There are 2 protein chains.
Amino acid sequence: MRALVVEDDRRIASDLERALSSAGFRVERIEDGETAWFRGGTESYDLIVLDLGLPRLDGLTVLKRWRAEGCESPVLILTARGAWTERVEGIDAGADDYLPKPFRMEELIARARALVRRSGGRATSIQQVGDLLVDLNRMSVAVSGVPVSVTPLEYRLLSYLTLHRDRTVSPSELLEHLYGDDDARDANALEAVIARLRRKVGPGVIQTRRGFGYDLGVAG
Amino acid sequence: MRALVVEDDRRIASDLERALSSAGFRVERIEDGETAWFRGGTESYDLIVLDLGLPRLDGLTVLKRWRAEGCESPVLILTARGAWTERVEGIDAGADDYLPKPFRMEELIARARALVRRSGGRATSIQQVGDLLVDLNRMSVAVSGVPVSVTPLEYRLLSYLTLHRDRTVSPSELLEHLYGDDDARDANALEAVIARLRRKVGPGVIQTRRGFGYDLGVAG
DNA sequence: CGGAAAATGTCAGCGGATTGTCAGCGACAT
DNA sequence: ATGTCGCTGACAATCCGCTGACATTTTCCG
């Protein structure tokens, strides 16, 4: 599941990225209209979240050009609260759904899933890596078919590794993901979480790359 | 493209008819709930615009009955401006979109088009999850066949969980659903409702996932 | 209206789950 | 060997959700 987020407000973009990636999307971020136009026309995404107020090239224009070029990815547009004209224009321009700002992340996720499902994309919120199974919808975990109960922190760690299974994730990146920049923790806190997780999912699932970080066993 | 307009205010109904026909719909008009129920259940439309304040039979009831009978036409409901409860109930009852009055015709048309474009699957009115049975029509609840009397708030909580049985619902999302953003409540209010509900439906129906939220026992 | 009954919100406190910290240990590389 | 990195178990503090009692609001009905 690839998602493209086109949003110039860093803060919102970050929230979106976090929410979408923990919902199982691999997220790419773009901050201005021209780049968005290029990327959306070239690559193929399972979902595009498009803010209408963009620098360099207006979101509506971008959307129209995409559609003109035959881009069929489902597009969810973000509009300002009272701006009903935007909504109308957006839908006429080929948007599949819209969400007025400010919005609740859960609602965005729900709509995103609905869009993906509707567009025929396999809305697989279930991630499988080796014997490990992570259901991003239920927020549940199983190993070799046996359900395992994990705590919120453990779940976040595990889903993050799952979504980045193709590489080794550094401890600092994990720390940043689990806690904010704000209340940073000791590296040992992370190790404690890993240890507890390993006790639950069994050894061999989370592998340590000494000096580099952690990954799931599949790595090459 | 057949559209059904259910609206008792002649003035509004005329406007709707004019706008919809110039958007390419063949429009039929109905002014009271009972007739609407009959027609919607019998005929098949590409779009239904439904006012909630109707003579003889309330719009919400009509909608629920349609859905109960298997009518799957996309329904756009018209609600009074501030009435968020109507909005919520409407969507719970199976509406596909809503528009608060007063509205611009352009927006209605845009939404109508969007709805028609994506005529997809929809929910039925009797929901069963494990031993729990929630009838969205009659707004009644039963556990293992035994009817349980629940209060309005409890019902809304339960039906929300039922409609989102495929995932774990966070407390904040539940709070937002039960109360608006406007008059927010303490998280403890929610816990109180849950506690009282559990006393009625028995333990094990609503499960707590500490740190995540609540779901119905069907977990995977 | 007005009072009773039902529904709901609030509070304080409990109990347990979760998680950070620490100290010590093992293992790996040079 | 030895210093560094990562692991582990124990412990403590914190957080989260539950409960029962009580206060407040809403609803119902005469």
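If you're wondering where the values come from, they're calculated on a predicted model, not measured in any experiment. In the text below, chain A, chain B and the rest are named by the order of the sequence lines, each starting its count at 1.
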Side chains of B:D8 and B:D32: does their closest heavy-atom pair fall under 4.5 Å?
no
Atom pair distance, as rounded to whole Å: CG in A:D183 and P in D:dT14:
14 Å
So for B:N188 and C:dC11, does any side-chain atom that can act as donor or acceptor lie under 3.5 Å from a complementary atom in the base?
yes
Minimum heavy-atom distance between A:L50 and A:G59, given as atom pair plus value:
CD2-O, 3.6 Å
N or O in side chain of B:T151 less than 4.0 angstrom from C:dA6 OP1/OP2
no
Check the phosphate of D:dC16 against B:T208, side-chain N and O only, distance under 4.0 Å to OP1 or OP2. Yes or no?
no
Using a 4.0 Å heavy-atom cut-off across all strands, classify A:Y179 as base, sugar-phosphate, or nothing.
sugar-phosphate
Could you check whether the side chain of A:R196 and the base of C:dG20 have a donor-acceptor pair of N or O atoms closer than 3.5 Å, going by distance alone?
yes
Applying side chain to side chain donor-acceptor pair (under 3.5 Å), name anything that partners A:D51, two or more places apart in sequence or on another chain.
A:K101
In degrees rounded to 10°, what angle is found between the helical axes fit to the five outermost pairs at each end of the helix from C:dC1-D:dG30 to C:dT30-D:dA1?
40°
From CG of A:L174 across to C1' of C:dG20 the rounded distance in Å is 17 Å
Students often get this wrong, so: under 4.0 angstrom with heavy atoms, is B:F212 touching a base, only sugar-phosphate, or nothing?
nothing
Atom-pair distance (CG on B:D186; P on C:dT10), nearest Å:
7 Å
Using only side-chain N and O atoms of A:Y155, determine if any of them is under 4.0 Å from OP1 or OP2 of C:dT18.
no
5' precedence on DNA chain D between B:R210 and B:R199 (nearest-nucleotide basis)
B:R210
I need the CD-P distance between B:E191 and C:dG15, as an integer number of Å.
17 Å
Residues A:E7, A:R29: salt bridge by 4.0 Å N-O rule:
no
Specify the separation, in whole Å, of atom CG of A:L197 and atom C1' of C:dT19.
13 Å
pair B:E17-B:S14: side-chain heavy atoms closer than 4.5 Å
no
Atom CG of A:L153 to atom C1' of D:dC15: distance rounded to whole Å?
13 Å
Scanning both residues in full, the closest heavy-atom pair of B:Q128 with B:R165 reads O-NH1, 3.0 Å
Specify the separation, in whole Å, of atom CD1 of B:I194 and atom P of D:dG20.
16 Å
Round to a whole Å and report the spacing from CZ of A:R209 to P of C:dC28.
14 Å
Please say whether the positively charged group of A:R209, taken as NZ for Lys or CZ for Arg, lies over the ring of A:F212, i.e. under 6.0 angstrom from the six-membered ring centre and within 45 degrees of the axis.
no
Does A:V150 or A:A189 map to a spot on DNA chain C nearer the 5' end, using the closest nucleotide for each?
A:V150
Beyond-backbone contact of A:R10 with A:E31, side-chain heavy atoms, under 4.5 angstrom:
yes
Is A:R185 touching bases, backbone alone, or none of the nucleic acid, heavy atoms closer than 4.0 Å?
sugar-phosphate
